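Read through the structure below, which is laid out as structure tokens, and then see the notes.
All chains are named by letter (A, B, ...) in the order of the sequence lines, taking the proteins before the strands, and each is independently numbered beginning at 1. Treat the numbers as computed from the prediction; the structure is a model and nothing was measured.
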Protein chains: 2
Amino acid sequence: MKYSDKLRNSGLRPTKQRLQICEILFDTEKTFHFTINELEKKIKDKIDDKISLATIYNTVHAFEKKGYLKQIPINSNQTYFDTNITDHHHFYDLKDGKLIDLENSDVGPLKIKRKINGKKIKSIEVLVKLED
Amino acid sequence: MKYSDKLRNSGLRPTKQRLQICEILFDTEKTFHFTINELEKKIKDKIDDKISLATIYNTVHAFEKKGYLKQIPINSNQTYFDTNITDHHHFYDLKDGKLIDLENSDVGPLKIKRKINGKKIKSIEVLVKLED
DNA sequence: ACAGCTATTTAGAACCATTATAAAGTAGGA
DNA sequence: TCCTACTTTATAATGGTTCTAAATAGCTGT
């Protein structure tokens, strides 16, 4: 499906800026992790038009709200996003601030034994911090 | 052991400010989660002397470095700290933004099978997001 | 107890990611 | 085309955190 249809179906107008950001984020086999700062650089590299920083923030948040991106819970001064929206986990290299995907099979079975009344588990995220 | 000895043994001078913060953080059976902002309020409530915000930051970071506190990886504009430094994890209730402790035994054994060359695992944190 | 040294505290400034603002531009339906 | 609501944009504002540099306080050797 074309990005323009995907966006329209989500109630988002397929603007030029959004379509260009879609290409950068989703036109690849590989999923990846990024901060707004890194995305901004990538946009500057790959796109001739300028997209303002505010629009980048707006777009990423709109995509996150629609479920096309998710935030990675991490202690950092910047927010990390992930184009891989399936349940999976991460190594976080404290030295260079880089994230590495961890397959579910790399972590072993996770079974949350405790229940909270009236609540469902939406996601389980494992963060493995690495040091030298 | 007295806090002053504990601090000295860690190479931290037992200053009045650090000892007062110790009392607030550790003079309780219960462990808890807090932000700098919340700790600042608690200090204002419980202590007559003023402790500057910079000192609160310095102290919390010093304690974290020595392993008396740990950060909780979560997406928030503020950093959450935990006085419970044992292996344990958290439920995160998306509705009200509250954290709930999850004992290590509630999660089952975690075995990270993948290795990264030249890196050691510093910590493993599990965040279980809850929805209604 | 004192001197001298270093660690620590402090107020305020600086930093920087993120959010808000408000004006100009754009998509899509009638 | 016209209208309206949505979107983009530059810029300002916000707010948590870190930095700075001067004052203060703990520690060690004498």
Side-chain angles (χ1 to χ4, degrees), chain A residues 2-24 33-44 47-66 68-69 71-81 94 97, chain B residues 2-24 33-44 47-66 68-81 97:
Chain A
K2 284 192 307 184
Y3 293 128
S4 53
D5 295 328
K6 198 170 172 182
L7 290 175
R8 239 188 302 265
N9 292 343
S10 316
L12 298 173
R13 286 186 182 168
T15 65
K16 192 172 70 172
Q17 292 87 343
R18 283 174 178 163
L19 291 171
Q20 289 174 323
I21 291 175
C22 273
E23 284 170 22
I24 287 180
H33 318 116
F34 64 92
T35 64
I36 296 288
N37 186 25
E38 291 163 354
L39 178 57
E40 192 189 8
K41 285 201 197 98
K42 212 161 198 169
I43 289 170
K44 280 205 184 106
I47 292 184
D48 288 335
D49 311 290
K50 181 189 179 180
I51 300 182
S52 86
L53 183 58
T55 297
I56 300 175
Y57 273 98
N58 288 342
T59 301
V60 166
H61 285 145
F63 287 2
E64 189 206 357
K65 201 169 228 169
K66 296 300 181 186
Y68 303 139
L69 293 172
Q71 281 190 259
I72 302 172
I74 231 176
N75 292 123
S76 164
N77 55 328
Q78 285 171 256
T79 304
Y80 280 79
F81 294 88
L94 293 166
Chain B
K2 286 191 307 185
Y3 293 128
S4 54
D5 294 329
K6 199 172 170 181
L7 290 174
R8 238 188 303 264
N9 291 344
S10 315
L12 297 172
R13 287 183 182 172
T15 65
K16 192 174 67 173
Q17 292 87 343
R18 283 174 178 164
L19 292 171
Q20 289 174 323
I21 291 174
C22 274
E23 283 170 23
I24 286 180
H33 317 118
F34 65 93
T35 64
I36 296 286
N37 187 24
E38 291 163 354
L39 177 59
E40 192 188 7
K41 284 199 197 102
K42 212 162 200 169
I43 288 170
K44 279 202 184 109
I47 291 184
D48 289 334
D49 311 292
K50 181 188 180 183
I51 300 182
S52 85
L53 183 58
T55 298
I56 299 175
Y57 273 97
N58 288 344
T59 302
V60 166
H61 286 146
F63 287 2
E64 189 206 359
K65 200 170 231 172
K66 296 301 180 182
Y68 303 140
L69 293 172
K70 63 177 188 180
Q71 282 191 261
I72 303 171
I74 231 173
N75 291 123
S76 164
N77 56 326
Q78 285 171 261
T79 304
Y80 279 78
F81 294 88

> Do the side-chain N or O atoms of B:Gln17 get closer than 4.0 angstrom to the phosphate oxygens (OP1, OP2) of D:dT24?
Replying inline: no
>> So, OP1 or OP2 of D:dT18: does either fall under 4.0 Å of a side-chain N or O from B:His61?
In response: yes
>> In whole Å, I'd like the distance from the CD atom of B:Gln20 to the C1' atom of C:dT8.
In response: 14 Å
> Taking the side chain of A:Arg13 as its heavy atoms from C-beta onward, which of C:dT18, D:dT9, D:dT7 lies nearest to it?
Replying inline: D:dT7
> When all nucleic acid strands are considered with a 4.0 Å heavy-atom cut-off, which category describes A:Asn58: base, sugar-phosphate, or nothing?
Replying inline: base
> What is the nucleic acid contact for A:Thr79, judged by heavy atoms within less than 4.0 Å: base, sugar-phosphate only, or nothing?
Replying inline: sugar-phosphate
> Which one, D:dT17, D:dA10, C:dG12, comes nearest to the side chain of B:Leu53?
Replying inline: D:dT17
>> Nearest whole Å is fine: how far is D:dC27 C1' from B:Leu7 CG?
In response: 15 Å
>> Can you tell me how far apart CZ (A:Arg18) and CG (A:Asn58) are? Round to the nearest 0.5 Å.
In response: 8.0 Å
> Can you list the steps and then say if A:Phe81 with A:His61 is a side-chain contact (heavy atoms from CB on, under 4.5 Å)?
Replying inline: CA-CA 10 Å; A:Phe81 294 88; A:His61 285 145; 4.3 Å; yes
> With a non-hydrogen cut-off below 4.0 angstrom, is B:Thr15 in contact with a base, only sugar-phosphate, or nothing?
Replying inline: sugar-phosphate
> Can you tell which of D:dA10, C:dT10, D:dC27 lies closest to the side chain of B:Ser52?
Replying inline: C:dT10
> Which of these nucleotides, C:dA11, D:dT8, C:dT18, is closest to any side-chain atom of B:Ala54?
Replying inline: C:dA11
> Side-chain N or O of B:Lys50 less than 4.0 angstrom from OP1 or OP2 on C:dT10?
Replying inline: no
> So, is B:Tyr57 close to the D:dT18 phosphate, meaning a side-chain N or O under 4.0 Å from OP1 or OP2?
Replying inline: no
>> Within the 4.0 Å heavy-atom criterion, would you say A:Lys16 contacts the bases, only the backbone, or no part of the nucleic acid?
In response: nothing
>> Quick check for you: among D:dT7, D:dC19, C:dT8, whose closest atom lies nearest to any side-chain atom of B:Leu12?
In response: C:dT8
